[in-house]
Structure formats: structure tokens, C-alpha cells
Amino acid sequence: MKKIEFTSWHDLTDSPYFDEASFYETFDGGQSFNWKIKEEYVEGIFLNAIFRIKLKRNKLVFSIPKGLDSKTAEKKLSNYVANDIDFKSIQDQLPWRSDPILKCSIEAFPHLRILRQPLNETLFSFLCSSSKQIPQIKQILDLSASRYGVNIFSNYRSLPTWTKLAQLAETELKELKLGFRSKYIYKTAKFINSNPSWLNKLNDLSLNDSKKQLMRLPGVGEKIADCVALFALGKLDAFPIDTWIEKILIKAYELEDFNKNQLIRFAQHHFGRYAGYAQQFLFAAARSKVIKL
DNA sequence: CCGCAGGATACTG
DNA sequence: CAGTATCCTGCG
């Protein structure tokens, strides 16, 4: 195994601005399981490319394996961090003026953003995520990549493709510590494989229609459908309700008598077209104990 | 609305 | 150090 060498640090053109807390919450919060946290940088693979990323004077700088085209890599990264969105305007359109809980959440992570993650990888990751905590999810994904992933460079492997997954036996999936999720992955892989254009068509649908489609898959309930819609389909009005968010709404927003559907409807009315961003701010704030529950 | 699924992690005795 | 509770979400 040849030792891999990385380039020196490149500035990312038009990089978003990050403070330290927002940077780590963006790359290692609830939205992505892709990044390994090292002393000096975070390292991860997406779209068949390997990246090291860190902050330099509040902007992103990146390094890739030597010998690869840094312009191509830079384009991928720019899109991944959504450097073209008007982040300030999105933030300003959230109802923080009338919502002190949201206001203090945003103040704690003022530059937290939502990444644009590849659809196939995001669907796989979140199918693996149900009833698991983040370190365990990362472990499953690591194991899946090292066994069945695409060899990118040296010993770096990306997550397995759906085509590859469709070729695996259910017993082989079980060995990835997927537990009862192996059945979901197995059936979903077969479905995607026999409906090759199905995944990409999701991009053209509204939030509700894309969720309906996603929830046809075994193992995809409303929460996971919302995550995929928000993190991979760019539906910024999606509002995934996990146990943290549920706790926040019930306790901090005092919505004791609301059921799941009523909570989602409340969130979409109250937070509006960028409800997904509100969700990320609240989630980060609750986990870091900025909001007390 | 409840209980199960499963593997790690955090407690208890 | 063995045993037990807890976490977490789709599904029947």
C-alpha cells in the first residue's frame, strides 16, 4: 500500500465564513457522517474525491491527494458547502425576531450551514442511521466502505454504490453490523437497481412529493425522508423531527399536546420556507446545551 | 400507542 | 466485572 501524499493547503474561492463552532457542527453535527475529525483538519470522501478541510482565518482551505486536479476538486467542494447561497438572507428570513429560542440558537452557531450532499450516499447513510448514535453510524459506514466501497486512491474507499449493494446477499449485509437494517438496505438496493432513474427524478419533485416517494422504500419513515430531502435534495423547508427536536418543541416551545404531524405543521408554519435551517440551529443548540431541556 | 429490533455505551451492584 | 438500563426510529 503506497503512502499517500497530500498537496499544500489551497484557499477555497468564495469560501463561506465559519467560526470554529459552526464549522465543526456543519461537518460533524447531525447532517453528515462523512467526516473524520483529526487534530488539524477534517477528512472525508464524497463524489469519489478525497478532501482534507480546515479553517484558515475563518475561511475554508483544502488539501487533496497529490496528482489529482485541484480545480475539479474545488468545484465539487464549492457546491458541497453551498457557497452560492445567500446565507445571510436565509438566516434573516427565519423568525428569530419573534422567537427568542431560535435567536439564541443562531447566536451560538451563527455560521452553521446545510451541506449539499450526494443523494445516493445520503440515502444509504440515513438508512443505516435509524436507532443508532452518531459514532455507531460512522462505524457501520466505515465498515461498508472498506468491504464494498469504491476504491478511490490507495486505501481510501467511498461508500458502496447501490449497484454494488444490490449484488450483495442479505447475509453479507448483516455482517456490516446493520442488524435489522440489513433487510431495508437489501430491498432498497434491489428497488433502486430495477428502477434506475427513480433516484434522480426525486430532484424535480416538491418536498411532499419527494417524501412520498422516499417513504415507499422499506426503512424510510418520515424522519429519514425529511433528512434525505433536506440534506441531499436541497428542500430547505424539510423539518426532520428526531428525539432532540421533539424534545425542543415539546419543552422549550411548550407544545406538550402536539403529536408528530401537528409538530411538523407547526414547524412549517412557524419557521417557514427555510424551516430546515431552523431545525439545524435548534438541533445544534440543544445538543450543546445552549437550549436547556 | 406499544413493543420489538440490535449493538454500543453508560450505569449498578 | 457481569449484568442491566438506555439510546434511537421504522414497523406491525
Side-chain angles (χ1 to χ4, degrees), chain A residues 25 28-37 117 121-148 159 162 165 168-192 199 202 207-208 210-233 235 238-252 255-267 275-276 279-280 282-289 291-293:
Chain A
E25 190 61 29
D28 195 35
Q31 61 174 312
S32 177
F33 311 111
N34 237 336
W35 298 93
K36 296 192 170 69
I37 312 306
Q117 301 182 66
E121 301 174 16
T122 307
L123 178 59
F124 178 67
S125 301
F126 280 92
L127 264 174
C128 297
S129 76
S130 75
S131 310
K132 288 271 174 212
Q133 279 144 319
I134 292 169
Q136 300 169 15
I137 300 165
K138 287 191 173 188
Q139 207 177 312
I140 291 174
L141 296 179
D142 264 358
L143 192 56
S144 309
S146 64
R147 288 243 178 117
Y148 303 114
L159 292 178
W162 284 108
L165 291 166
L168 300 178
E170 210 177 325
T171 49
E172 294 176 298
L173 292 168
K174 277 247 169 66
E175 286 163 23
L176 299 176
K177 302 188 178 184
L178 285 166
F180 62 88
R181 298 155 203 82
S182 53
K183 195 162 53 261
Y184 302 156
I185 301 285
Y186 183 81
K187 289 186 175 166
T188 294
K190 298 282 188 222
F191 175 84
I192 289 176
L199 256 189
L202 296 176
L207 170 62
N208 279 331
S210 62
K211 277 174 68 176
K212 265 183 216 154
Q213 284 297 316
L214 285 163
M215 287 166 71
R216 290 171 60 192
L217 300 173
V220 178
E222 187 152 34
K223 189 265 180 187
I224 288 180
D226 270 318
C227 287
V228 174
L230 179 58
F231 302 138
L233 298 175
K235 312 291 186 222
F239 193 86
I241 299 188
D242 66 346
T243 49
W244 285 98
I245 295 296
E246 191 173 13
K247 254 187 253 171
I248 294 166
L249 292 177
I250 288 175
K251 300 220 172 153
L255 305 175
E256 279 91 354
D257 302 328
F258 284 48
N259 67 27
K260 266 255 165 69
N261 270 327
Q262 293 166 329
L263 289 178
I264 288 194
R265 254 183 292 155
F266 165 83
Q279 192 266 11
Q280 283 298 287
L282 293 173
F283 182 84
R287 287 206 315 158
S288 65
K289 302 191 162 87
I291 301 174
K292 43 180 189 292
L293 300 170

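Computed from heavy atoms alone, side chains included, the values below leave out hydrogens, waters and symmetry copies. All chains are named by letter (A, B, ...) in the order of the sequence lines, taking the proteins before the strands, and each is independently numbered beginning at 1. In this text, all values refer to a predicted model and were calculated from it rather than measured experimentally.
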Asker: Can you confirm whether more than 12 heavy atoms, excluding those of A:K212, are under 6.0 Å from its NZ atom?
Answerer: no
Asker: For residues 131-142 of chain A, which residues have at least one heavy atom under 4.0 Å from DNA chain C?
Answerer: A:S131, A:K132, A:Q133
Asker: Quick check for you: to the nearest 0.5 Å, what is the distance between A:I140 atom CD1 and A:F33 atom CZ?
Answerer: 10.0 Å
Asker: Nearest heavy-atom pair of A:L207 and A:A229: which atoms, and what distance?
Answerer: CD1-CB, 3.7 Å
Asker: Output yes when a side-chain donor or acceptor of A:Q117 lies under 3.5 Å from a complementary backbone atom of A:Q31, and no otherwise.
Answerer: yes
Asker: Indicate, with a heavy-atom threshold strictly under 4.0 Å, whether A:I224 touches base, sugar-phosphate, or nothing.
Answerer: sugar-phosphate
Asker: So which heavy atom on A:S131 is nearest to which on A:R181, and how close?
Answerer: CB-NH2, 3.7 Å
Asker: Do A:K211 and A:E222 pass the salt bridge (charged side-chain N to carboxylate O under 4.0 Å, His left out) test, and can you show the C-alpha distance, the side-chain angles, and the key distance before you say yes or no?
Answerer: CA-CA 7 Å; A:K211 277 174 68 176; A:E222 187 152 34; 3.0 Å; yes
Asker: Under 4.5 Å between any side-chain heavy atoms of A:L230 and A:K235, yes or no?
Answerer: no
Asker: Here's a test of your reading of the structure: between A:G219 and A:W244, which maps to the more 5' nucleotide of DNA chain C?
Answerer: A:W244
Asker: Under the side-chain hydrogen bond (donor to acceptor under 3.5 Å, both in side chains) test, which residues partner A:K223, sequence neighbours left out?
Answerer: none
Asker: Reading DNA chain C in the 5' to 3' direction, which nucleotide is the first one with an atom under 4.0 Å from a heavy atom of chain A, and which is the last?
Answerer: C:dC7 to C:dC11
Asker: Does a side-chain heavy-atom distance below 4.5 Å link A:F258 with A:R265?
Answerer: no
Asker: Do A:S125 and A:I137 make a side-chain contact, defined as non-hydrogen atoms from C-beta onward lying under 4.5 Å apart?
Answerer: no
Asker: With sequence neighbours left out, write down each residue that passes ring-ring contact (aromatic ring centres under 6.0 Å, His included) with A:F231, or none if nothing qualifies.
Answerer: A:F126
Asker: Rounding to 10 degrees, work out the angle separating the end axes of the helix from B:dC2-C:dG12 to B:dG13-C:dC1 (five pairs an end).
Answerer: 50°
Asker: What range of DNA chain B does chain A touch, first nucleotide to last, counting atoms under 4.0 Å from its heavy atoms?
Answerer: B:dA5 to B:dA8
Asker: Below 4.5 Å, heavy atoms only, C-beta onward: do A:I192 and A:L165 meet side chain to side chain?
Answerer: no
Asker: Mind checking whether A:Q213 and A:R216 have side chains closer than 4.5 Å, heavy atoms only?
Answerer: yes
